[in-house]
Amino acid sequence: MIIAAGLSPAWQQILEVNSLQVGEVNRCQTAHWCASGKVINVGIALQHLGSPCETIFPAGGYARSLIEAELNELDVSFRDLDQHNPTRICTTILDRASGQTTELVENATPLSEQEVKAFAAEYRRCAETATVAVLTGSLPEGAPTTFYRDLIAKTNCPVILDARGAELEEALSATPFLVKPNHEELERTLDRCLSSTEDLIKGMQEINRRGATWVVISQGKSALWATSADEVYRFTPASVEAVNPIGCGDSLAAGIACAIYRGWTVPESIRWGMGAAADNLTQLLPARLSESSVQEFYEQVEMEQVV
């Protein structure tokens with residue numbers, strides 16, 4: 001079983017406009033609502049990839065019943081824990097004229113100490129039988145920066161961590177199997193600019209030395225890099241026509257977890273994750289993948305071992 005766990009789910013609104021005019025009245029071509037947030041996106045992606053997964057998150061308010069209804073409809077196995085504060089609502093605006101995506105992101109609502117402890121206890125219980133775990137998403141107020149570190153320390157299977165800032169730095173001492181910050185997050189973690197490819201690789205391998213077995217950094221359409229302490233890989237993504245980029249990083253994490261669960265090597269698992277991210281990019285709603293399409297995109301991803 002794979003665990004997808006995180007503290008910041010969302011009920012997502014996706015609006016399509018012909019051309020976004022800031023400061024003006026904008027009428028939408030279409031409007032869609034869906035369960036989302038990084039943890040839910042990972043769980044949905046894994047379900048579409050045919051991997052057994054338990055998705056764990058807190059939820060509250062009227063959005064909780066909407067999220068539950070959609071996950072049940074998608075046949076996603078989940079455990080949503082009681083949360084006093086309402087689950088956040090986020091909005092994505094897709095500007096079809098410019099191709100730009102604008103996100104209006106509400107921060108995850110605060111959790112009480114008791115709610116954080118209940119989540120950690122449920123995660124630990126599920127982790128006892130897990131083969132792979134994905135810990136993902138920002139930490140809301142009420143969760144300590146050591147939260148992911150403490151969970152990883154009590155997890156016996158490989159952990160894929162999608163986090164940033166202080167929580168990423170704290171987690172490295174617990175030796176996560178794979179971390180995937182973006183370029184900007186890596187620079188913030190290292191407190192320096194990584195303007196060249198050489199600087200980027202050195203920065204990634206510094207994170208390897210601090211505790212992460214693998215580090216993955218995407219540079220969008222151009223390349224994705226992966227490093228271990230003594231290996232460097234460069235991946236060239238498949239070429240696709242973008243519909244909605246939201247959820248691509250989550251689909252990447254889910255695809256990697258899925259392939260590791262199946263016993264693939266890490267480089268081939270990353271290729272499969274990139275196939276999932278490419279398929280996500282072609283979908284309007286995040287993480288609603290097609291395994292046959294993921295396979296096609298996976299075969300288009302080029303992989304080169306640099307070191």
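No hydrogens, no waters, no symmetry mates; every other heavy atom, side chains included, goes into these values.
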Undergrad: Any side-chain heavy atom of Phe177 within less than 4.5 Å of one from Val132?
TA: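 When only atoms from C-beta onward are counted, Val132 and Phe177 do not touch, as no gap falls below 4.5 Å.
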
Undergrad: Does the Asn85 side chain pair with the main chain of Pro110, one donor and one acceptor, at a distance under 3.5 Å?
TA: yes

Undergrad: Stepwise, does the side chain to side chain donor-acceptor pair (under 3.5 Å) test hold for Glu299 with Gln295?
TA: CA-CA 6 Å; Glu299 292 171 358; Gln295 177 67 35; 2.9 Å; yes

Undergrad: Do Val179 and Ile256 sit in one hydrophobic cluster, given that two such residues count as connected whenever their side-chain heavy atoms are within less than 4.5 Å of each other, even indirectly?
TA: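 No, Val179 does not connect to Ile256 through the hydrophobic network.
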
Undergrad: Indicate yes or no for a side-chain donor-acceptor contact from Asn208 to the backbone of Thr213 under 3.5 Å, with no hydrogens or angles considered.
TA: yes

Undergrad: Does any N or O in the side chain of Thr87 come within less than 3.5 Å of the main-chain N or O of Gly60, such that one atom is a donor and the other an acceptor?
TA: yes

Undergrad: Kindly assign one of parallel, tilted or perpendicular to the pair Trp11 and Trp33, based on the angle between their ring planes and the thresholds 30° and 60°.
TA: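 Aromatic pair Trp11/Trp33 classed parallel.
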
Undergrad: I'd like to know if the side chain of Thr30 pairs up with that of Glu16 as donor and acceptor (distance under 3.5 Å, no hydrogens or angles considered).
TA: yes

Undergrad: Got a salt bridge between Glu70 and Arg288, using NZ or NE/NH1/NH2 to carboxylate O under 4.0 Å?
TA: yes

Undergrad: Could you go through Glu128 and Arg124, starting from their C-alpha distance and side-chain angles, then the distance that decides it, and tell me whether this counts as salt bridge (charged side-chain N to carboxylate O under 4.0 Å, His left out)?
TA: CA-CA 7 Å; Glu128 292 177 357; Arg124 288 194 297 269; over 6 Å; no

Undergrad: Is Val215 reachable from Leu224 through a run of I, L, V, M, F, W or Y residues, each pair having side-chain heavy atoms under 4.5 Å apart?
TA: no

Undergrad: Please work out whether the ring planes of Tyr298 and Trp272 are parallel, tilted or perpendicular, with thresholds of 30° and 60°.
TA: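 The rings of Tyr298 and Trp272 stand perpendicular, inter-plane angle above 60°.
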
Undergrad: Verify, without hydrogens or angle tests, whether Asp162 (side chain) and Ile160 (backbone) share a donor-acceptor contact under 3.5 angstrom.
TA: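 No, because the side chain of Asp162 does not come within donor-acceptor range (under 3.5 Å) of the backbone of Ile160.
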
Undergrad: Looking at Ala4 and Val42, what are the two nearest heavy atoms and their distance?
TA: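 Residues Ala4 and Val42, closest heavy atoms: CB-CG1, 3.7 Å.
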
Undergrad: Regarding Gln13 and Thr91, do their side chains bring together a donor and an acceptor under 3.5 Å, going by distance alone?
TA: yes

Undergrad: Taking only residues two or more places apart in sequence or in another chain, which ones pass salt bridge (Lys or Arg N to Asp or Glu O under 4.0 Å) with Glu167?
TA: none

Undergrad: Which pair of heavy atoms, one from Asp199 and one from Leu194, lies closest together, and at what distance?
TA: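 It is O-CD2, 3.4 Å.
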
Undergrad: Can you hop from Leu71 to Leu81 via hydrophobic side chains spaced under 4.5 Å?
TA: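 In one cluster with Leu71: Leu81, no.
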
Undergrad: side-chain contact (heavy atoms from CB on, under 4.5 Å), that's the test. Do Tyr233 and Ile270 meet it? Break it down for me.
TA: CA-CA 10 Å; Tyr233 289 85; Ile270 294 170; over 6 Å; no

Undergrad: In sequence, state the C-alpha distance, the side-chain angles, and the governing distance for Lys202 and Glu206, and then conclude on salt bridge (charged side-chain N to carboxylate O under 4.0 Å, His left out).
TA: CA-CA 6 Å; Lys202 286 181 179 178; Glu206 182 174 333; over 6 Å; no

